[in-house]
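Read through the structure below, which is laid out as structure tokens, and then see the notes.
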Amino acid sequence: MSSPDTLRAEIGRAAVTLGAPEDFAAVVERPRDPEFGEWSTNAAMLLARPLKQSPRDVATKLIAAMQLDAVGISAAEIAGPGFINFRIDTGSLTRILPEIIGRGDAYGRSDTGAGAPVVVEFVSANPTGPLHVGHGRQAALGDAISTMLQWTGWAVSREFYYNDGGGQINNLQKSVQLRAQQQAGHDVEFAENGYHGEYIREIAAAYRAQHANDVAIVDTDGIRRFAVAALRAEQDLDLKAFGVVFDCYYLESSLYTDGKVDTTVATLIGSGHTYEKDGALWLRTTDFGDDQDRVMKRSAEKGGEYTYFVPDVAYHVTKWERGFRRAINVQGSDHHSTVTRVRAGLQALGIGIPQGYPEYVLHQMVTVMRAGEEVKISKRAGSYVTVRDLIEEVGRDAVRYFFVMRKGDSQLVFDVDLARSQSEENPIYYIQMAHARLCGIFRVGEIDAASITGAGVDLSVLSEPEERELIKALADFPATLSGATMALEPHRLANWLEKTAALVHTWYHKHHVLNEPPAIMQARLVLAGASRVVLCNALTVLGLSAPERM
RNA sequence: GCGUCUGUAGCUCAGCUGGAUAGAGCGUCGGCCUCCGAAGCCGAAGGGCGCAGGUUCGACUCCUGUCAGGCGCACCA
């Protein structure tokens, strides 16, 4: 078997015999043009200067020093400014196919993470409204990243942090209370900065129906609990519709009740990084790279409460204490100022938490277009596009795919009308269609896919250019997955899926499987079976379904 | 003003740790169904990567400056 790793190692070994340093590392990659073979390296160009020879001379000697057979290379040639291109014969290339089928739904998995625990926090929406498109992007990214980590050997915990305390909740309670009082005929004016959404009226009505004894509608604690519970239930439905399942919901309020906030504050004070000014307690976050110090505890005239980031620091301490030596937070870039703040707080504690803890995956905002105009998302104004709206309009798979197909740090324009009207031309349909077609071969041929293992089949007949390209793409899946996981960039997997689906369609169109001579048919069934497995695995990792027919 | 992300084909976006003539989808134009699904395939036109410098054998990828846009800069969360 010829993997890029073994090839790279062999290049390194040969390079050392020519006088290269022991740690010499060349790049081994797929050349852009299949004419250039299966693998390519820039080793000779990197060595030219230190060895004081021309790249082509180095390349010649390098090839001579390599044991090509040992790493499955059938030919090596020098090209361009000094690239070395390697060719793999069809027999070696196709060896991956039975392996893919043998591993099945485990093909692509690796144990890089070695079972180490990692917590991925995402969505973490305040219970002050239904989930909107921004949360949708976060849910799609966070869930995909979590699954990618699982596939690469990490023990992942998906976590949702509930900000069920603080000013926004008070505002929610106030909004519901005022609506309820209005509905009861009280002469009260709605708060200017309250939440104007229709859902507030619904919750208010439900509260009145279930709490008739609160005639004056003044049980603020009861209203708060009711409103939070109602919105949590709503969000749960949103998440269910999206197919995201969390392992843990961590409540901000619990950090107060179990004393973790107080403990954290005490430790911070003990660390000597705090001071009092203007009646408030401050943390000197500028000691840890922040551009200004932050208030931990408001002055008495401002209410004397802790600011948001204190429980947030306490929360991250629990992640560390719960054994998560790795923590990843997926959040919108509108919160990126909290990154240095939280990390600074953790550093100030001086309890051995590393500087880069937690890691952040920040995504840019989602702009919603409807009827050719941008929909301003505002909880207060009540203009809203919820995750569930989107799912009902274009389907769960399409929503998830759209959110995951783009790099997180570029803004995303979600044109609802376009997504709906073009739903049949969606890239997700294109990809799923490739999978369904492969299934169709077995269905129409009345062949049990499980009977195709590749054992005893001469696969060297899979020598058509379209077949070699497809096989290479299938072989690249594990590396693509691990690379995407390392970078925490699911969109790389989406790009790979589109490319591979295109190769499947091209191959399917140009070469038939059924009704071909037995030797050809058997070999192609192996390729079809292996392709189906890999497409299914990649779709699964991104949280997408792999339909057998559409 | 400071920080941060982005600026690649008419539109929406890829381009992995710098590498060989810059890619895809949509749109436009033109072909392909007695054949495992035409929700598909094949081909054409179309950009030289915001702009200006620099480093390098080699830059869309790195550095500096600059222009434009998003987000952030509270004793809100």
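Hydrogens, waters and symmetry mates are skipped; everything else that's a heavy atom, side chains included, is used. Residue numbers begin at 1 in each chain, while the letters A, B, ... track the order of the sequences.
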In short, side-chain hydrogen bond (donor to acceptor under 3.5 Å, both in side chains) pairs touching residues 435-446 of chain A with sequence neighbours left out are His435(A)-Arg532(A), Arg437(A)-His505(A)
query: Looking only at atom P, what distance separates G50(B) and A68(B), rounded to whole Å?
result: 16 Å
His509(A) atom NE2 is separated from G31(B) atom C1', nearest whole Å, by 11 Å
Pick the C1' atom in A59(B) and in G54(B), then give their distance to the nearest Å. 11 Å
With sequence neighbours left out, the residues meeting side-chain hydrogen bond (donor to acceptor under 3.5 Å, both in side chains) with Asp397(A) are Gln432(A), Ser545(A)
In whole angstroms, the gap separating C1' of A77(B) from NE2 of His335(A) amounts to 6 Å
For Gln331(A), the side-chain hydrogen bond (donor to acceptor under 3.5 Å, both in side chains) test, sequence neighbours excluded, returns Thr338(A)
Residues of residues 480-495 of chain A with a heavy atom under 4.0 Å from any atom of RNA chain B, listed by number, are His491(A), Arg492(A), Asn495(A)
Sequence neighbours excluded, the answer for side-chain hydrogen bond (donor to acceptor under 3.5 Å, both in side chains) partners of Thr112(A) is Ser110(A)
Judged by whether its glycosidic angle lies within 90° of 0, G18(B) is anti
Here the residues of residues 280-289 of chain A within 4.0 Å heavy-atom distance, strictly under, of RNA chain B are Ala280(A), Trp282(A)
Residues at least two apart in sequence or cross-chain that pass side-chain hydrogen bond (donor to acceptor under 3.5 Å, both in side chains) with Asp290(A), listed by chain then number, are Thr285(A), Arg294(A)
Report which part of the nucleic acid His511(A) touches: base, sugar-phosphate, or nothing (heavy-atom distance under 4.0 Å, all strands).
base
Any base atoms under 4.0 Å from Arg30(A), or only sugar-phosphate, or nothing? Heavy atoms, all strands. nothing
Here the distance between atom P of C32(B) and atom NE2 of His505(A), to the nearest Å, is 21 Å
Which of C13(B), C73(B), A77(B) is nearest the side chain of Arg406(A)? It is C13(B)
Q) Contact class for Tyr430(A) vs. all strands (heavy atom < 4.0 Å): base, sugar-phosphate, or nothing? A) sugar-phosphate
Applied to residues 286-308 of chain A, the ring pair (Phe, Tyr, Trp, His ring centres under 6.0 Å) test, sequence neighbours excluded, yields His273(A)-Phe288(A)
Could you run down the sub-3.5 Å N/O contacts of the protein with nucleotides 4-11 of chain B?
| residue | atom | partner | partner atom | Å |
| --- | --- | --- | --- | --- |
| C5(B) | O2' | Gln364(A) | NE2 | 3.3 |
| C5(B) | O2' | Asp409(A) | O | 2.5 |

For residues 489-511 of chain A, the salt bridge (Lys or Arg N to Asp or Glu O under 4.0 Å) pairs (sequence neighbours left out) are Glu466(A)-Lys510(A), Glu489(A)-Arg492(A)
Expected label for C33(B) (glycosidic angle, syn inside 90° of 0, else anti) would be syn
Ordered by number, residues from residues 517-534 of chain A within less than 4.0 Å of RNA chain B (heavy atoms) are none
Q.
Need one value for Asn515(A): base, sugar-phosphate or nothing, where a base atom within 4.0 Å counts as base even if backbone is also close, heavy atoms only.
A. nothing
Quiz item: Is Gly445(A) touching bases, backbone alone, or none of the nucleic acid, heavy atoms closer than 4.0 Å?
Solution: nothing
Please write out each protein N/O paired with an N/O of nucleotides 18-21 of chain B under 3.5 Å, distance rounded to 0.1 Å.
| residue | atom | partner | partner atom | Å |
| --- | --- | --- | --- | --- |
| G19(B) | N7 | Asn42(A) | ND2 | 2.9 |
| A20(B) | OP2 | Arg32(A) | NH1 | 3.4 |
| A20(B) | OP2 | Arg32(A) | NH2 | 3.4 |
| A20(B) | N6 | Ser40(A) | OG | 2.9 |
| A20(B) | N6 | Asn85(A) | OD1 | 2.8 |
| A20(B) | N1 | Asn85(A) | OD1 | 3.3 |
| A20(B) | N1 | Asn85(A) | ND2 | 3.1 |
| U21(B) | O4 | Asp33(A) | OD2 | 3.4 |

inquiry  = Just to be sure I understand the rule, does Val513(A) reach a base, reach only the sugar-phosphate, or reach nothing, if contact means heavy atoms closer than 4.0 Å?
reply    = base
Next on the checklist: Roughly how many Å apart are U61(B) and G18(B), using the C1' atom of each and rounding to a whole number?
Outcome noted: 6 Å
Tell me whether the side-chain N or O atoms of Ser299(A) pair up with the base of C75(B) as donor and acceptor below 3.5 Å, since no angle test is needed here. yes
